[in-house]
2 protein chains.
Amino acid sequence: MIRVAIVGYGNLGKGVKAALEKNADMELTAVFSRRPAAVEGELPGVHVHSSERLTLPRDMKIDVAILCGGSKEDTPVQGPAFAKLFNTVDSFDTHAEIPAYFQKMDAIAKERGNVSVISAGWDPGIFSLERVYGDAFLPGSKAYTFWGIGVSQGHSDAARKVKGVLDARQYTIPINEAIQQVRAGKNPEFSKRQMHKRVVYIVAAEHADKEKIKQEICEMRNYYSDYNTEVVFITQDEMNKKHVVYPHGGFVLTSGVTGETNKAILEYRCQLDSNPEFTGSVLVACARAAFRLKQQGGKGAYTMLDIPPALLSPHSPEILRSKFM
Amino acid sequence: MIRVAIVGYGNLGKGVKAALEKNADMELTAVFSRRPAAVEGELPGVHVHSSERLTLPRDMKIDVAILCGGSKEDTPVQGPAFAKLFNTVDSFDTHAEIPAYFQKMDAIAKERGNVSVISAGWDPGIFSLERVYGDAFLPGSKAYTFWGIGVSQGHSDAARKVKGVLDARQYTIPINEAIQQVRAGKNPEFSKRQMHKRVVYIVAAEHADKEKIKQEICEMRNYYSDYNTEVVFITQDEMNKKHVVYPHGGFVLTSGVTGETNKAILEYRCQLDSNPEFTGSVLVACARAAFRLKQQGGKGAYTMLDIPPALLSPHSPEILRSKFM
């Protein structure tokens, strides 16, 4: 049994817990939380510890800690702290900071003899894999990543900060015509606006100036101004009924040529009713790989690009060769 | 530079040659052929040797030999012979015999300190990867593999053996309604007939009994009897004009649930104008990985399931982390 700890018991932490229940070779041993008393009530029978004071019972054995906090404030602190004690898996997703975060985690994990899988999930994660495979199998090809239909937490949060907005949920929508052009092998150049549009559902405060809210959202730089954005006002009741789950998904398309002129198009797509549950499921598979890499003498930081696919699987190499090849 | 030898200079061997030209870190050093004199004429400046008498100049350095013969008769013989001398990559695709072939190649390659990547390509190969990833990320999910639209060499050959048939080309066609059902998360059970249909273009001998040819093809066991098959008679001229390239492609779909009831569907698709050129391109990426695995002290047989994705890429780990994650 691989003994797993969850660090941070929000949506993603709950997704990891649900995934552990589907993997017979793994068990939930402990949860680390900033509010241990509250989580203890939700999880009878599980050891719940403070994620801030890392004082553990001496006899507690944890094979892998899965970090489920946010990439902005939690993981940059918790990653290094937990990598000193355990093998870790995280979903650090601030793309531009991945190289520096890798270096930091690599140094700590190597020093302590642990394995730290960073930036796992679907993007970064599976989509990174597919971009690398696509580029390796089709040198000189062009890659396109489309996201959605799905909820973007960052864009929802940004809209929620606009004056007069009580609640907001942003859906990223890939533009179908753009996908069709790529599938047809046309290798187009797209602006951001040509690849995705955004729809934001807003619950506005009573007497709020809806026109002003709309304008402020649509013109918001870095988040909305580069896209065609539709703002839809709804009631809190509608929000609570129709926008409770967090679906997401996307496409990685690689379009290239073999030989002189023969087109080759590779496409990966995921459609997820629950983004946090699926991400949790990917992290759990990576926890299995982290455990095995450590057993094989590995240490340091890894991304999913560095993991032999077979190590993610619950099945033996023999079963994989006979049933999955 | 990674020095590559091609073993067998048919369609696939030519695909490998075309792919090597797109990979700046690799070069074609030698070709082994059963008909060296003929190939020498086609490839001025390349060392061409007999693939049957493996007597090489002493100073010839080959890092990886890519085996491009058929899985029925060539690779089972050439694999073990070349694994004694070099790192190898092959596309052995008789699925049921992969475990035994792996054992055999593993023993020889381990003894000689070489790395042999077996059963690479797109199926087995990339599709195997996607089946393993899908199963690892969605435990308990159902996987579906659809092939086509594409030419099946085996089915074309089988049709060509029917009396009165001069030439034949078989296209495997996935049934769109079946794919749509899987995409909708319905997890259906399919018969073979429900997933694929077959269309065979036939050039018949003058005065041949076309009705009899049609019946014999449609009723052929293991090849056609489990499918709805359409037989279309054409002239040799049409065959030569319209059926010269070998397109192929297919889908791997994994359909599962996260948490209690949330659907998750993963889909990989490839559309290839030239099957042998794309397969060749995958083999070349695997040759790079074989070379690096050997450098890292690896030996024995590997499938693509055992190869960290980054090793397939021409880019450094740093570039992959900064540009592809």
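So that the names make sense, note that chain A is the first sequence line, chain B the second, and so on, each numbered from 1. All figures in this text were calculated on a predicted structure; none of them were measured in a lab.
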- Message: Looking only at heavy atoms and a cut-off of under 4.5 Å, which of B:Lys323, B:Lys14, B:Glu277, B:His315 has the most pairs with chain A?
- Response: B:Glu277

- If you draw a 6.0 Å radius around NZ in B:Lys299, do more than 12 non-hydrogen atoms from other residues or ligands fall strictly inside? no

- Task: Can you tell which part of B:Ile307 gets under 4.5 Å to a heavy atom of chain A, answering side chain, backbone, both or neither?
- Result: backbone

- Message: I'd like to know which of B:Lys17, B:Arg288, B:Glu130 tops the heavy-atom pair count under 4.5 Å against chain A.
- Response: B:Glu130

- Find out whether A:Tyr101 and A:Thr94 are in side-chain contact, i.e. whether some heavy atom of one side chain is under 4.5 Å from a heavy atom of the other. no

- Message: Only pairs of heavy atoms separated by less than 4.5 Å count here; which of B:Ala143, B:Cys270, B:Ala18, B:Gly259 has the most with chain A?
- Response: B:Gly259

- Query: Can you say whether B:Ile98 sits under 4.5 Å from chain A via the side chain, the backbone, both, or neither, judging by heavy atoms?
  - Reply: side chain

- Message: Can you tell me which portion of B:Asp306 sits under 4.5 Å from chain A's heavy atoms? Options are side chain, backbone, both or neither.
- Response: both

- Task: Among the options B:Ser128, B:Pro309, B:Ser322, B:Pro317, pick out the one with the most heavy-atom pairs lying under 4.5 Å from chain A.
- Result: B:Pro309

- Query: Between A:Tyr133 and B:Tyr133, how do the two ring planes meet: parallel, tilted or perpendicular, split at 30° and 60°?
  - Reply: tilted

- Should we say atom CD of B:Glu260 is surrounded by more than 12 heavy atoms from elsewhere, each under 6.0 Å from it? no

- Query: Pick from B:Leu129, B:Thr258, B:Val245: which one has the most heavy-atom pairs with chain A under 4.5 Å?
  - Reply: B:Thr258

- Query: When heavy-atom pairs shorter than 4.5 Å are enumerated against chain A, which of B:Cys286, B:Pro308, B:Ser313, B:Gly249 gives the highest number?
  - Reply: B:Pro308

- More than 12 heavy atoms of other residues, nucleotides or ligands under 6.0 Å from NZ of B:Lys104: is that the case? no

- Heavy-atom pairs under 4.5 Å with chain B, option from A:Ile126, A:Thr254, A:Val284 with the top count: A:Ile126

- Query: Which one of A:Val282, A:Asp123, A:Leu283 has the most heavy-atom pairs closer than 4.5 Å to chain B?
  - Reply: A:Val282

